[in-house]
Amino acid sequence: MFKKILIANRGEIALRVIRTCKEMGIKTVAVYSTADANSLHVRFADEAVCIGPAPSSQSYLYIPAIIAAAEITNADAIHPGYGFLSENAKFAKICGEHRIKFIGPTASMIERMGDKSNAKATMIAAGVPVIPGSEGLLDSVDEGKVIAQKIGYPIILKATAGGGGKGMRVVWNENDLENAWNSARQEAGAAFGNDGIYMEKYIEEPRHIEIQVVGDQYGRAVHLSERDCSVQRRHQKLIEETPSPFMTNDLRERMGEAAIKAANAISYEGVGTVEFLVDKHRNFYFMEMNTRIQVEHPITEEVINYDLVREQIKIAGGVNISGQNYFPEGHAIECRINAEDPYNNFRPSPGTITSFHAPGGHGVRVDTHAYAGYKIPANYDSMIAKLIVVARTREEAIAKMQRALEEFVIEGVHTTIPLQQQILRDERFVYGEYTTKFMETFKLN
Amino acid sequence: MFKKILIANRGEIALRVIRTCKEMGIKTVAVYSTADANSLHVRFADEAVCIGPAPSSQSYLYIPAIIAAAEITNADAIHPGYGFLSENAKFAKICGEHRIKFIGPTASMIERMGDKSNAKATMIAAGVPVIPGSEGLLDSVDEGKVIAQKIGYPIILKATAGGGGKGMRVVWNENDLENAWNSARQEAGAAFGNDGIYMEKYIEEPRHIEIQVVGDQYGRAVHLSERDCSVQRRHQKLIEETPSPFMTNDLRERMGEAAIKAANAISYEGVGTVEFLVDKHRNFYFMEMNTRIQVEHPITEEVINYDLVREQIKIAGGVNISGQNYFPEGHAIECRINAEDPYNNFRPSPGTITSFHAPGGHGVRVDTHAYAGYKIPANYDSMIAKLIVVARTREEAIAKMQRALEEFVIEGVHTTIPLQQQILRDERFVYGEYTTKFMETFKLN
Amino acid sequence: MDLKEIQEFIKSIVRSGATEVKLETNDFKLSVTTPNKGRGNEVVSYVQQVQPQNQVVTEYIQPTPQPLMHVAAKTEAPVAEAGEKYLTIKSPMVGTFYRRPAPNKPFFINEGDVIKKGQAIGVIEAMKLFNEIEAEIGGKVVKILVDDATPVEFDQPLMLVDPA
Amino acid sequence: MDLKEIQEFIKSIVRSGATEVKLETNDFKLSVTTPNKGRGNEVVSYVQQVQPQNQVVTEYIQPTPQPLMHVAAKTEAPVAEAGEKYLTIKSPMVGTFYRRPAPNKPFFINEGDVIKKGQAIGVIEAMKLFNEIEAEIGGKVVKILVDDATPVEFDQPLMLVDPA
């Protein structure tokens with residue numbers, strides 16, 4: 001196993017990785033920009049190296065500084081966290097060239113999943129469902145009819161030059177296709193001067209449900225069940241939960257199998273996540289694969305009672321996995337707490353936290369690098385805490401999250417806590433009847 | 001179920017009870033002395049009533065103020081927490097007279113367990129082992145021989161007027177009894193002017209192991225397995241863990257059965273704890289029963305995944321229990337963090353906390369009412385936080401506790417964190433080979 | 001809070017004749033020592049030791065510094081402006097405050113009354129016991145802050161008295 | 001908060017006649033003692049904007065206020081006494097600092113040398129690339145703080161220069 005791991009990240013995930021390393025008896029090196037000199041990851045690591053000024057491009061994203069930091073501290077592995085260099089194939093490659101183990105997949109695995117069209121082709125070859133549609137533009141309405149018959153209604157026609165919903169038509173049966181085709185072309189031509197149209201399967205009531213997978217260096221992969229991340233605002237996840245309220249045993253089995261196929265297709269090494277869109281009929285379609293640990297990984301940890309960062313480190317160290325899939329026991333929810341003003345168009349709210357009290361008690365976990373007196377730098381993302389609860393049932397977990405949000409005190413900056421509180425009380429959330437469109441019609445009081 | 005519960009307590013346990021009430025949808029009333037006006041239990045309760053000045057005798061122990069607070073807020077139940085009025089039979093009785101449900105056992109149950117000799121007699125009648133010995137003073141060495149034969153060697157002779165080890169003799173076999181008898185009498189007579197001697201079974205390598213029990217209003221009682229609280233300093237528990245490293249399945253079965261007998265003997269209602277001394281041969285002896293929730297209850301919650309305060313409230317509300325015993329899954333440890341200076345004879349260290357960061361992550365729970373800026377009043381006990389970890393094995397739990405203690409930042413006052421860190425590294429603790437005498441020979445570096 | 005304001009504030013402290021001032025708010029802490037001696041408008045403060053049971057507590061009201069983590073007060077704060085002129089009579093216990101000895105009797109006192117130390121000003125009921133509340137100071141009752149038959153907490157202001 | 005403002009603020013304190021002022025806000029802590037005579041050693045401070053890559057950063061060393069939650073510095077703190085007279089040349093990058101271009105070559109500079117702006121003062125190796133470090137200021141090298149072939153962090157003081 002590794003003797004010393006450098007964490008090429010900041011904030012809560014850097015602290016998170018340090019915690020597991022300490023529990024495993026592995027030494028840690030924090031790297032930090034001048035803006036983060038007073039950060040807790042710097043305080044709690046065994047060593048800390050200042051790698052550059054505040055802008056990420058000159059510090060957390062600047063590969064030579066990070067490699068140099070690993071070299072001068074003799075770190076034998078680098079944990080990239082999420083964001084920053086975590087899905088950077090070049091970085092993974094350079095680590096290898098410097099004989100530093102990149103804790104994650106190889107450069108070529110990252111590349112094969114990093115490129116969308118490449119990933120899609122790989123998934124089709126592996127038998128993982130992707131959103132079906134025309135290959136490129138449609139030549140005629142008749143070609144459209146043939147394809148629609150194959151992929152099944154409803155379908156959506158989209159303008160290739162499109163945007164803002166213009167030139168888009170959802171078609172529910174063949175009778176309506178010709179009219180829709182004509183009007184979509186006309187609208188697209190008028191709006192964009194380009195009437196090229198392509199077709200996709202229309203996803204009814206889409207849900208974002210992802211499957212956690214783990215693969216070892218010996219080609220074995222398993223899944224750790226799902227996370228429902230449908231509560232999103234502009235593609236930013238706000239709340240995640242597991243099990244998904246929309247899940248069935250059958251669907252979990254099929255999605256789990258598909259996710260393992262996806263991992264096997266690239267002989268995936270490490271922990272990763274296969275993201276799917278699921279429609280109301282419980283058809284699911286591959287969106288993308290994240291080849292790193294995710295922000296929302298703790299909810300999986302809580303329901304399978306296993307530390308995923310420990311698993312990452314063990315796999316990177318060459319340990320092989322059991323081959324067993326894991327299924328949720330109990331119910332876990334995570335709320336992301338951001339220093340943003342939800343009443344002011346989610347404007348970031350950097351500044352100094354004057355008061356801080358994190359909720360506690362049975363089934364409550366707080367992953368945070370913030371504390372009273374901490375100054376949130378304006379240079380990085382605004383997430384300052386992850387609040388995770390676990391309980392025996394979804395109902396209990398919601399009640400627990402409601403009281404934990406109520407108990408969370410952060411003063412001095414604006415946070416998304418009031419937003420989260422309102423979502424947790426929203427009927428659609430409470431009954432588990434929400435899709436990725438949930439926030440589009442959500443009104444903050 | 002209750003509509004509004006008044007919590008007749010302060011500090012972390014008041015906050016703890018409020019948390020569960022919120023999760024159950026029950027309104028809460030905090031009571032507080034003027035010294036606690038800025039306490040979190042005041043902030044988080046739905047209502048708060050100032051009941052008196054700082055001295056406990058005029059506030060948290062002053063029954064008329066608490067009853068009046070319940071009356072003016074229309075609370076229909078009172079949760080007493082631990083300490084203060086929690087084992088006060090008179091208070092339980094007065095609550096009943098004012099038609100307020102005391103969440104705990106009835107006055108007569110408290111009385112029957114509150115009086116030591118009474119409790120002992122009840123236990124003997126119920127067939128629960130108590131520490132055997134002479135009934136009162138020994139008349140002669142021959143009487144001693146007869147009793148010693150019955151209870152088995154080793155025995156200990158103790159001066160009735162004793163103290164400081166004077167007039168005490170451990171006797172390992174009958175040959176040594178007469179000499180010991182003579183020298184003990186002589187020493188006691190010289191030291192105290194009273195040579196009265198009684199005899200007890202000598203407990204070799206004693207461990208303090210307690211069994212959590214739960215009884216409902218319908219006479220049914222179960223046990224929730226043990227907690228090992230042998231790490232004590234002057235009878236103050238410092239660290240508790242479950243399972244006990246000394247436990248075997250057989251011993252757990254026997255102790256559990258005895259604890260249920262103890263509860264049944266008084267038709268116990270509520271959650272309670274039967275404390276035993278266990279010797280190195282795994283004989284166990286009843287010490288006392290605590291008829292309330294205990295400080296260390298969270299470790300049981302973590303390994304049986306159930307909220308004991310919720311259970312208390314449900315039982316008080318007349319819900320009946322399943323009748324099933326619970327056994328630990330995984331391993332949990334609690335460290336009590338006190339505002340005391342371990343380098344200065346554990347002198348209390350009240351004052352203002354200037355910095356505060358509680359550890360987080362998977363398997364870490366912090367129950368505290370403290371925060372950066374909180375002023376610890378000098379009037380009450382010095383416990384400011386309970387740090388609880390849970391992991392799959394004892395080894396992992398210890399590693400987790402070590403890193404969590406390392407991560408716990410409390411500045412502005414002295415705390416017992418350095419002491420706890422050293423205990424967690426002590427070989428005897430790490431190997432689980434500790435008794436109640438552990439701290440007697442422990443040297444703080 | 002801007003530095004200009006703080007500058008002015010420091011000047012005013014030096015001018016005031018105080019020898020040492022410490023101020024702590026949510027935003028800043030300030031401590032000023034001046035060479036001034038003697039004279040001082042010394043801050044007079046008079047807090048009587050609270051005693052069990054029926055004794056009334058009085059104190060000069062002073063604006064108190066905000067705690068770092070502000071706890072929302074569940075009862076109304078004492079009227080700050082009254083600070084320099086009036087004394088507050090506070091509740092010595094938690095319970096229900098009655099302004100008269102029995103429903104068919106007149107109020108013990110009314111606003112405008114001049115009361116003497118030791119005079120009964122109300123009763124507080126707790127656990128079915130009625131505890132007569134005596135004024136700990138004399139003066140003119142400027143304002144009665146609590147209605148008849150109202151729950152009161154320990155230390156809750158009951159009335160303002162002008163001792164002059 | 002701008003240093004100019006603080007300078008003005010300190011001056012105003014001295015003028016105010018106060019003997020000691022401590023101020024702590026969310027952004028900074030300030031403590032001023034005045035002899036209440038004379039015009040005190042004013043703290044002059046000059047921080048140059050950090051620029052990417054090989055540019056050398058200089059600044060007057062000043063005692064920095066303690067953060068509320070103090071992070072144990074893993075490297076030695078800049079020499080505080082130097083504050084008023086010397087400039088510090090800091091490392092523009094993390095890596096291994098060499099005082100000579102090759103093992104068999106002499107040091108770029110030695111203590112006591114007078115250097116010119118733009119002069120090479122060392123190289124830093126990172127990812128097997130050697131980056132020459134140029135002095136951003138001229139003056140006399142008072143002290144070289146880092147040995148040959150030593151790991152350095154970004155912003156770590158390398159040497160003190162007397163610009164006078």
Side-chain angles (χ1 to χ4, degrees), chain A residues 12 15-25 40 43-44 297-298 301-302 305-310 329-330 353-374 385-392 396-404 406-407 409 411, chain B residues 12 15-25 40 43-44 297-298 301-302 305-310 329-330 353-374 385-392 396-404 406-407 409 411:
Chain A
E12 71 84 21
L15 196 50
R16 164 77 190 82
V17 175
I18 290 170
R19 285 171 177 150
T20 292
C21 289
K22 280 186 192 250
E23 291 176 19
M24 295 176 79
L40 288 183
R43 175 171 177 143
F44 292 127
H297 77 276
E301 293 184 327
E302 294 308 313
N305 193 20
Y306 200 81
D307 180 333
L308 292 188
V309 172
R310 179 186 286 256
E329 275 182 50
I353 294 173
T354 53
S355 293
F356 190 90
H357 165 75
H362 183 56
V364 175
R365 166 176 173 184
V366 181
D367 280 19
T368 183
H369 59 294
Y371 54 88
Y374 176 64
K386 303 192 306 203
L387 173 56
I388 301 118
V389 301
V390 60
R392 293 176 310 165
E396 278 183 29
I398 289 174
K400 200 177 276 290
M401 182 58 92
Q402 285 169 335
R403 81 91 176 144
E406 211 175 317
E407 192 187 330
V409 179
E411 288 169 4
Chain B
E12 71 84 20
L15 196 49
R16 163 77 189 82
V17 175
I18 290 170
R19 285 170 177 150
T20 292
C21 290
K22 281 187 192 249
E23 292 176 18
M24 295 176 78
L40 288 183
R43 176 172 177 141
F44 292 127
H297 77 276
E301 294 184 327
E302 294 307 315
N305 194 20
Y306 199 81
D307 180 333
L308 292 187
V309 172
R310 179 186 286 257
E329 276 182 50
I353 294 173
T354 53
S355 292
F356 190 90
H357 166 75
H362 183 54
V364 175
R365 167 176 171 184
V366 181
D367 280 18
T368 182
H369 59 294
Y371 54 88
Y374 176 64
K386 303 191 307 202
L387 173 56
I388 302 117
V389 302
V390 59
R392 293 175 311 165
E396 276 182 32
I398 290 175
K400 198 177 278 288
M401 182 59 91
Q402 285 168 335
R403 80 93 174 140
E406 209 175 318
E407 193 188 329
V409 179
E411 288 169 4

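All values derive from a computational prediction rather than experimental measurement. Below, each value reflects all heavy atoms present in this structure, side chains not excepted, and no hydrogens, waters or symmetry copies. Naming: A, B, ... by sequence-line order, numbering from 1 per chain.
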### Task
Before giving the answer on ring pair (Phe, Tyr, Trp, His ring centres under 6.0 Å), spell out for B:Tyr374 and A:His357 the whole-Å C-alpha distance, their side-chain angles and the decisive distance to 0.1 Å.
CA-CA 11 Å; B:Tyr374 176 64; A:His357 165 75; over 10 Å; no
#### Entry: With B:His362 via ring pair (Phe, Tyr, Trp, His ring centres under 6.0 Å) - residues at least two apart
none
### Query
Given side chains that start at C-beta, do those of A:Asp367 and A:Arg19 come closer than 4.5 Å, heavy atoms only?
yes
### Query
Does any heavy atom of chain B fall under 4.5 Å from the side chain of A:Glu406, the backbone, both, or neither of them?
both
## Note on the structure
Honestly, the part of B:Ala370 sitting under 4.5 Å from a heavy atom of chain A is backbone
### Region of A:Thr20 that comes under 4.5 Å of a non-hydrogen atom in chain B
neither
#### Entry: Top contributor to chain A contacts, counting heavy-atom pairs under 4.5 Å, from B:Ala399, B:Pro359, B:Gly360, B:Ala391
B:Gly360
## Note on the structure
Tightest non-hydrogen contact, residues B:Tyr371 and A:Phe356, listed as CB-O, 3.9 Å
### Message
Only pairs of heavy atoms separated by less than 4.5 Å count here; which of B:Arg365, B:Glu396, B:Lys22, B:Lys386 has the most with chain A?
### Response
B:Arg365
### Contacting region of A:Glu301 [heavy-atom separation from chain B under 4.5 Å]
both
### Query
What heavy-atom pair brings B:Phe44 and B:Ile18 nearest, and what distance separates the two atoms?
O-CG2, 3.9 Å
### Task
Determine the option with the most heavy-atom pairs under 4.5 angstrom with chain A, choosing from B:Arg392, B:Gln402, B:Arg16.
B:Arg392
### Query
Any Lys/Arg nitrogen of B:Arg403 or B:Glu407 sitting under 4.0 Å from an Asp/Glu carboxylate oxygen of the other?
yes
